[in-house]
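To start, the structure under review is shown below, and the notes come after it.
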2 protein chains.
Amino acid sequence: MITVFIADDHKIFRDGIISLLENEEDIRVVGEAGSEEELNTRVARLQPDLILMDISMGSTNGIDATESILKRFPKIKVLALSMHSESSYILKMLEAGASGYLLKDAGSREMVAAIRSVASGNTYFSQQVSQTLLHHLSGGKKIKEKIAGVPLTKREIEVLQLIAEEFSNAEIAERLFISIRTVDTHRRNLLEKLGVKNTAGLVKNAIRLGLIHT
Amino acid sequence: MITVFIADDHKIFRDGIISLLENEEDIRVVGEAGSEEELNTRVARLQPDLILMDISMGSTNGIDATESILKRFPKIKVLALSMHSESSYILKMLEAGASGYLLKDAGSREMVAAIRSVASGNTYFSQQVSQTLLHHLSGGKKIKEKIAGVPLTKREIEVLQLIAEEFSNAEIAERLFISIRTVDTHRRNLLEKLGVKNTAGLVKNAIRLGLIHT
DNA sequence: TAAAAAATACCGGGAAATGCGTATTTCTAC
DNA sequence: GTAGAAATACGCATTTCCCGGTATTTTTTA
């Protein structure tokens with residue numbers, strides 16, 4: 001019997017998952033949480049086999065929550081559940097110790113299969129996630145995010161993230177140990193590649209790409 | 001028998017709702033859609049009593065989809081489903097013709113009650129949504145969004161939205177028929193009230209407030 | 001190994017944003 | 001009717017961003 005705990009800030013979603021898993025004889029939902037506070041107190045008490053963890057739990061970051069939980073309960077498995085298929089989200093979640101990453105595009109059958117796989121000690125990734133990972137793992141290739149067919153370079157992504165974190169060009173130059181003029185150039189390339197007019201457009205794309213959260 | 005159609009881009013979510021509604025004798029899920037294309041073609045064929053409409057369907061805007069559907073099938077009821085409780089989302093959805101607005105915070109019982117209410121010709125709003133509406137409807141009061149305890153004025157919100165839409169101060173001034181200096185001032189006030197350093201911070205808040213979508 | 005891509009960096013200039021301050025008029029709520 | 005909030009607007013200055021162009025070096029790829 002696999003004991004499952006559901007962490008997601010939307011009660012409708014949790015209720016739906018609970019209802020779905022009621023049909024599975026080898027899976028039992030032992031608890032749920034809509035906030036990190038509930039997550040921490042209830043998981044400590046319930047010690048589930050597996051946590052189904054939404055990575056964007058309202059104001060709480062599922063990535064940090066995962067790291068925190070696994071530090072205290074290393075035997076618990078975490079299966080990430082997300083709408084985000086961008087590699088930055090995936091990698092962060094894996095670094096935090098998650099054993100799987102499931103996209104919300106997946107159907108209930110796939111979710112059940114993922115739960116069983118992860119609970120039995122394997123990893124599980126949605127197909128799209130697997131492809132992203134394979135591409136990343138094959139020889140340590142650079143992450144390249146494709147936007148409108150034009151890839152962003154690793155450095156451009158770094159600059160984009162810092163712009164979205166409200167750093168000025170001068171501050172970015174200092175942090176990356178490069179010239180302001182170089183930051184200028186990256187910034188310009190970003191504007192062109194992303195087809196946006198200014199910083200506002202850049203920030204929107206940074207959020208879309210999962211580089212920062214709102 | 002109430003025939004229900006589910007529009008949400010996350011299959012796990014749809015599966016969950018379907019599973020939940022299987023327990024209701026007077027409600028039958030006749031279809032589902034993960035995209036606007038599917039929504040349009042299947043709703044035309046199935047003619048459900050009610051559509052449970054997620055207002056952020058990936059790249060599709062549930063608000064526009066609602067308006068479009070109701071223009072063609074005015075008898076169908078739309079119950080909006082959203083994580084967003086900000087008044088801008090609510091009002092837009094109502095203007096599009098939705099008969100109800102349910103937050104994803106709601107549990108399954110409330111969802112079922114909402115479906116029955118809307119299907120029988122009433123409106124239904126989550127409690128938080130009701131309060132927002134009451135406040136707005138009571139004598140045409142201005143919308144004030146509270147951030148960190150300091151409310152933004154109506155004009156500030158307008159300016160914030162246009163900033164996030166990549167307009168320059170000059171362009172905003174032209175659109176709002178005011179001086180650039182005035183835009184300056186609003187912009188300055190926004191920076192201070194929101195406690196952010198620059199445009200990047202403003203855009204993040206615009207997204208948080210639901211003024212724009214990523 | 002050669003070519004392509006990426007990273008780095010500069011020139012010059014103007015537009016736009018930020019930041020310090022000020023003020024008056026209009027609107028709203030009591 | 002009055003006080004306070006909101007909207008409007010200005011002075012001035014500095015900093016930052018955007019944009020036209022250029023180039024070399026380093027790294028990656030085929």
Side-chain angles (χ1 to χ4, degrees), chain A residues 135-136 138-147 149-206, chain B residues 135-136 138-147 149-206:
Chain A
H135 187 252
H136 177 65
S138 60
K141 285 188 190 300
K142 286 195 289 285
I143 300 173
K144 286 202 178 185
E145 301 287 2
K146 282 191 174 281
I147 309 295
V150 183
L152 298 185
T153 65
K154 185 173 176 180
R155 200 59 153 170
E156 281 164 357
I157 291 168
E158 281 178 355
V159 170
L160 181 57
Q161 172 159 359
L162 292 170
I163 288 169
E165 287 173 354
E166 298 171 49
F167 292 106
S168 67
N169 286 357
E171 288 165 340
I172 293 170
E174 195 178 322
R175 294 180 84 93
L176 298 181
F177 305 102
I178 54 177
S179 152
I180 294 185
R181 308 314 301 254
T182 303
V183 177
D184 251 1
T185 300
H186 287 312
R187 195 174 192 128
R188 198 184 328 185
N189 291 336
L190 282 165
L191 288 172
E192 187 173 341
K193 284 185 182 182
L194 297 173
V196 298
K197 285 157 65 177
N198 49 37
T199 301
L202 293 180
V203 173
K204 278 190 281 190
N205 276 280
Chain B
H135 187 252
H136 177 65
S138 59
K141 287 189 190 296
K142 286 196 289 285
I143 301 176
K144 288 200 179 184
E145 300 287 359
K146 283 192 173 277
I147 309 294
V150 183
L152 297 186
T153 65
K154 185 172 177 182
R155 201 60 154 170
E156 282 165 354
I157 292 168
E158 281 178 353
V159 171
L160 181 58
Q161 173 159 356
L162 292 171
I163 289 170
E165 285 173 356
E166 299 174 45
F167 292 106
S168 67
N169 285 358
E171 287 165 339
I172 294 171
E174 193 178 321
R175 291 179 86 91
L176 299 181
F177 304 101
I178 53 176
S179 150
I180 295 184
R181 313 307 303 258
T182 301
V183 177
D184 254 358
T185 300
H186 287 312
R187 197 174 187 124
R188 201 184 328 179
N189 291 334
L190 282 165
L191 289 173
E192 188 173 339
K193 285 186 179 181
L194 296 173
V196 299
K197 285 157 61 177
N198 50 36
T199 301
L202 293 180
V203 173
K204 278 189 281 189
N205 276 280

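Below, read A as the first sequence line, B as the second, and so on, with proteins coming before strands; counting in each chain starts at 1.
If you measure from atom CD1 of A:I178 to atom P of C:dT8, you get 5 Å, rounded to the nearest angstrom. A:F167 places its CZ atom 12 Å from the P atom of D:dC17, with the value rounded to the nearest Å. Between B:E192 atom CD and C:dC20 atom C1' the separation is 12 Å, expressed in whole Å. If you take CD1 of A:I172 and C1' of D:dT16, they are 11 Å apart, rounded to a whole angstrom. Between the P atom of C:dT26 and the NZ atom of B:K154 lies a distance of 19 Å, rounded to the nearest Å. Protein atom CD of A:E171 is 13 Å distant from nucleotide atom C1' of C:dT18, rounded to whole Å. Rounded to whole Å, the distance from CD on B:E158 to P on D:dA6 is 14 Å. Atom CG in A:N189 sits about 14 Å away from atom P in D:dG21, given to the nearest Å.
Although no hydrogens or angles enter the test, the distance criterion places no donor-acceptor pair under 3.5 Å between the side chain of A:N169 and the main chain of A:I180. Distance alone, capped at 3.5 Å, places no donor-acceptor pair between the A:E192 side chain and the A:N189 backbone. In this structure, B:E156 contributes its side chain and B:L190 its backbone to no donor-acceptor pair below 3.5 Å.
Between B:T185 and B:A200, it is B:A200 whose nearest contact on DNA chain C lies nearer the 5' terminus. Each of A:S168 and B:I180 was assigned the nucleotide of DNA chain D with the nearest heavy atom; the assignment lying further toward the 5' end belongs to B:I180.
Proximity of B:H186 to B:L160: side-chain heavy atoms (C-beta onward) are nowhere separated by under 4.5 Å. Looking at A:K204 and A:V196, their side chains never come closer than 4.5 Å, going by heavy atoms from C-beta outward. Side chains of A:I172 and A:L176 form a contact here, defined as non-hydrogen atoms less than 4.5 Å apart.
With rounding to the nearest 0.5 Å, the separation of CG in B:L191 from CG in B:N205 is 10.0 Å.
Side-chain nitrogen and oxygen atoms of B:T182 include none within less than 4.0 Å of the OP1 or OP2 phosphate oxygen of D:dC10. One finds no side-chain N or O of B:T153 lying less than 4.0 angstrom from the OP1 or OP2 phosphate oxygen of D:dA5. Contact annotation: A:S179 reaches the phosphate of C:dC10 (side-chain N/O to OP1 or OP2, under 4.0 Å). Residue A:N169 places at least one side-chain N or O under 4.0 Å from the OP1 or OP2 atom of D:dC17. Between A:H186 and C:dA7 there is no side-chain polar atom (N or O) within less than 4.0 angstrom of OP1 or OP2.
Checked by distance alone, B:R187 brings no side-chain donor or acceptor within 3.5 Å of a matching partner on the base of C:dG19.
If you check D:dG11, D:dC19, C:dA7 against the side chain of B:R188, the one that comes closest is D:dG11.
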List the steps and the verdict of salt bridge (charged side-chain N to carboxylate O under 4.0 Å, His left out) for B:D184 and B:R187. CA-CA 5 Å; B:D184 254 358; B:R187 197 174 187 124; over 6 Å; no
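Among the heavy atoms of the strands lying under 4.0 Å from B:D184 is at least one base atom, whether or not backbone atoms are also near. Residue-level contact check: B:R181 touches the bases, meaning some heavy atom is under 4.0 Å from a base atom. Using a 4.0 Å heavy-atom distance criterion, B:L191 is classed as a sugar-phosphate-only contact. If you check every strand for non-hydrogen atoms under 4.0 Å, B:T199 touches sugar and phosphate atoms only.
For the helix from C:dT1-D:dA30 to C:dC30-D:dG1, the rotation axes defined at the first and last 5 base pairs enclose an angle of 80°, given to the nearest 10°.
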